[in-house]
Amino acid sequence: MLKDIEKVLVSEDELKEINARLGKRITEDFKGKNLLVLGILKGCVFFMTDLVRNIELPLSIDFMSVSSYGSGTESTGRVKITKDIDIDLNGYDVLLVEDILDSGRTLNYVSDILKTRGANSIKIVTLLDKPERRVAPITPDYVGCDVPDEFVVGYGLDYDQKYRNLPYIGQLSRKVYEK
C-alpha cells in the first residue's frame, strides 16, 4: 500500500495539531449553544472522531451519507443522499464535518437542504480544502489545511474504498488510478 503513495502531505502529528487547533476554536465559538456535529460519511469518520475528542462541550452527533464520486477520482456533479440524518434539527447549531472540500457541489447541496430543516445555524469544518477546484459557491468556516490539486487518500479519504486506514494524508500515485 505504501508503494502507491507518492508523498505524505499531512503527517500523523500534523493531524493531531489540526484537530487540537480546530477543537479549541469550535469550543470557543459554540459555547452556550446546542451543538450537533453532523458528519458526511464515509470519509469524515477518522477526522470527526478525533475532532469531537478535542471539543470541550456537550454535543450530539449524527451522520449523512452523500455521494458524488462513485468509484472515480472526479466528482460526477450529481449528488445523492444515501443515508439521511435521524435527528430533528430544530434548536440545534449544526457543525457540518467534511473530510475534503473540493468542487463544493456536495457540501453546497447538503447545506441547502439543511437550511430548510430548522437549525439555528449551520457552520462547516473541513479537514482539507482545495479552493482552486471550487465550482460551487461555498466557503468553509473552519479549515484544517489546504492541499494541492492532487488525488489524496488516508485518514478516511479513499480511492475506490481503499486507503482510508492510512494514519496520514498522502498523495496517491497516478499509476494507481490512471490505468
Are Asp112 and Arg117 close enough for a salt bridge, meaning some N to O gap below 4.0 Å?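 No, Asp112 and Arg117 are not salt-bridged.
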**Asked** Could Lys83 and Asp62 be called an ion pair, given the rule that one side-chain N must be under 4.0 Å from one carboxylate O?
**Response**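 Yes, this pair counts.
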Q) Taking only residues two or more places apart in sequence or in another chain, which ones pass salt bridge (Lys or Arg N to Asp or Glu O under 4.0 Å) with Lys24? A)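 With neighbours one apart ignored, the set is empty.
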Query raised in the report: Without hydrogens or angle criteria, can the side chains of Glu6 and Ser173 be said to hold a donor-acceptor pair below 3.5 Å?
Result: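 On atom types as modelled, these side chains qualify, holding a pair under 3.5 Å.
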- Going by atom types only, do Asn120 and Tyr92 share a side-chain donor-acceptor pair under 3.5 Å?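 Side-chain D/A pair, Asn120 to Tyr92: absent.
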Notebook entry, point to check: How would you list all residue pairs meeting side chain to side chain donor-acceptor pair (under 3.5 Å) that involve residues 13-22, not counting sequence neighbours?
Noted result: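 Checked against side chain to side chain donor-acceptor pair (under 3.5 Å) - neighbours excluded - the pairs reaching residues 13-22 are Ser11-Glu14, Asn19-Tyr155.
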- Item | Closest contact, heavy atoms only, Ser111 versus Ile122 |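 Shortest heavy-atom separation between Ser111 and Ile122 comes out as O-CD1, 4.2 Å.
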So which of Leu41, Ile81, Thr82 actually passes side-chain contact (heavy atoms from CB on, under 4.5 Å) with Met64?
->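 One option only clears the test, and that one is Ile81.
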field: Matching residue for Leu127 among Ile100, Val97, Leu22, Leu15 - test: side-chain contact (heavy atoms from CB on, under 4.5 Å)
entry: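 Only one of Ile100, Val97, Leu22, Leu15 forms a side-chain contact (heavy atoms from CB on, under 4.5 Å) with Leu127, namely Leu15.
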Discussion item. To the nearest 0.5 Å, what is the distance between CG on Leu51 and CZ on Phe46?
Written reply: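 Between Leu51 CG and Phe46 CZ, I get 15.0 Å after rounding to 0.5 Å.
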Q: To the nearest 0.5 angstrom, please state how far the CD1 atom of Ile169 sits from the CD atom of Glu12.
A: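 Ile169 atom CD1 to Glu12 atom CD measures 11.0 Å (nearest 0.5 Å).
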Would you be so kind as to tabulate the donor-acceptor pairs closer than 3.5 Å made by side chains of residues 29-40, with sequence neighbours excluded?
| residue | atom | partner | partner atom | Å |
| --- | --- | --- | --- | --- |
| Asp29 | OD2 | Tyr142 | OH | 2.7 |
| Asn34 | ND2 | Gly91 | O | 3.3 |

Problem set entry | salt bridge (Lys or Arg N to Asp or Glu O under 4.0 Å) partner of Glu150, the single match among Arg133, Arg174, Lys130, Lys7 |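 Exactly one option meets the salt bridge (Lys or Arg N to Asp or Glu O under 4.0 Å) with Glu150, and it is Arg174.
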